[in-house]
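As a basis for the values below, the full set of heavy atoms in this structure was taken, side chains included, without hydrogen atoms, waters or symmetry mates. For the single chain, residues carry numbers from 1 onward in sequence order.
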Amino acid sequence: QVELFAAGSGILTDLDGNPLDPNNPTYFKTKTDDRGVARTSFLIALPGCSATEDLTVTGGVSASVGVTSSLWTATFTIEQC
C-alpha cells in the first residue's frame with residue numbers, strides 16, 4: 001500500500017482535479033497496480049494576485065511505502081495586484 005500526504009495549501013486529486021477524499025483531501029491510502037504504480041495529482045489553489053503584497057505559496061506531497069518515502073514540493077510567488 002501507498003500512503004500519500006499533502007501539505008501547505010495543496011490537496012490530493014484524481015487526474016481530473018477532483019479531491020480523492022473530500023472529507024480528508026490531504027491524505028489518501030491506496031494499493032498499487034500490477035506494476036507497483038499508484039497515480040494521483042496534487043493541486044495547489046493559487047489566487048490571481050495579492051491585494052496587499054507579494055505572497056509565497058508552498059505546497060508539498062509525500063508518498064510512503066513501508067519505510068521508504070519521497071517528498072515533492074512546489075513554491076509559487078503571487079504578485080501584488
### Summary
Taking every heavy atom of Leu12 against every heavy atom of Phe42, the minimum-distance pair comes out as CD2-CD1, 4.4 Å
### Query
Which heavy atom in Leu15 sits nearest to a heavy atom in Ser41, and how many Å separate them?
CD2-OG, 3.3 Å
### Message
Restricting to non-hydrogen atoms, name the atom on Cys81 and the atom on Ala51 that form the minimum distance, rounded to 0.1 Å.
### Response
SG-N, 4.5 Å
### Message
For residues Leu71 and Val61: do they belong to one hydrophobic cluster (side chain heavy atoms under 4.5 Å, members Ile, Leu, Val, Met, Phe, Trp, Tyr)?
### Response
no
### Query
If you take all heavy atoms of Ile11 and Pro19, which pair is closest and at what distance?
CD1-CG, 4.1 Å
### Task
Measure from the side-chain N and O atoms of Asp21 to the backbone N and O of Pro25, and report whether any donor-acceptor pair falls under 3.5 Å.
no
### Message
Once rounded to the nearest 0.5 Å, what's the spacing between atom OG of Ser70 and atom CG of Leu4?
### Response
11.0 Å
### Message
Is it the case that the side chain of Asp16 and the backbone of Asn18 share a donor-acceptor pair, with hydrogens and angles ignored and the cut-off at 3.5 Å?
### Response
no
### Message
When you measure from the side chain of Gln80 to the backbone of Ser50, do you find a donor-acceptor pair of N or O atoms at a distance under 3.5 Å?
### Response
no
### Task
Over all heavy atoms of both residues, which pair between Thr40 and Thr13 is shortest? Give the atoms and the distance, please.
OG1-O, 3.0 Å
### Task
Could you state whether Leu20 and Val2 fall into the same hydrophobic cluster, counting links through intermediate Ile, Leu, Val, Met, Phe, Trp or Tyr residues with side-chain heavy atoms under 4.5 angstrom apart?
yes
#### Entry: Working for side-chain contact (heavy atoms from CB on, under 4.5 Å), residues Asp54 and Ile78
CA-CA 6 Å; Asp54 288 357; Ile78 310 302; over 6 Å; no
### Task
Output, in order, the C-alpha distance, side-chain angles, deciding distance and verdict of side-chain contact (heavy atoms from CB on, under 4.5 Å) for Thr32 and Val37.
CA-CA 5 Å; Thr32 60; Val37 175; 5.8 Å; no
#### Entry: Atom CD of Gln1: over 12 foreign heavy atoms under 6.0 Å
yes
### Query
Going through the checks in order, is the side chain to side chain donor-acceptor pair (under 3.5 Å) test met by Thr75 and Thr58?
CA-CA 4 Å; Thr75 301; Thr58 302; 3.2 Å; yes
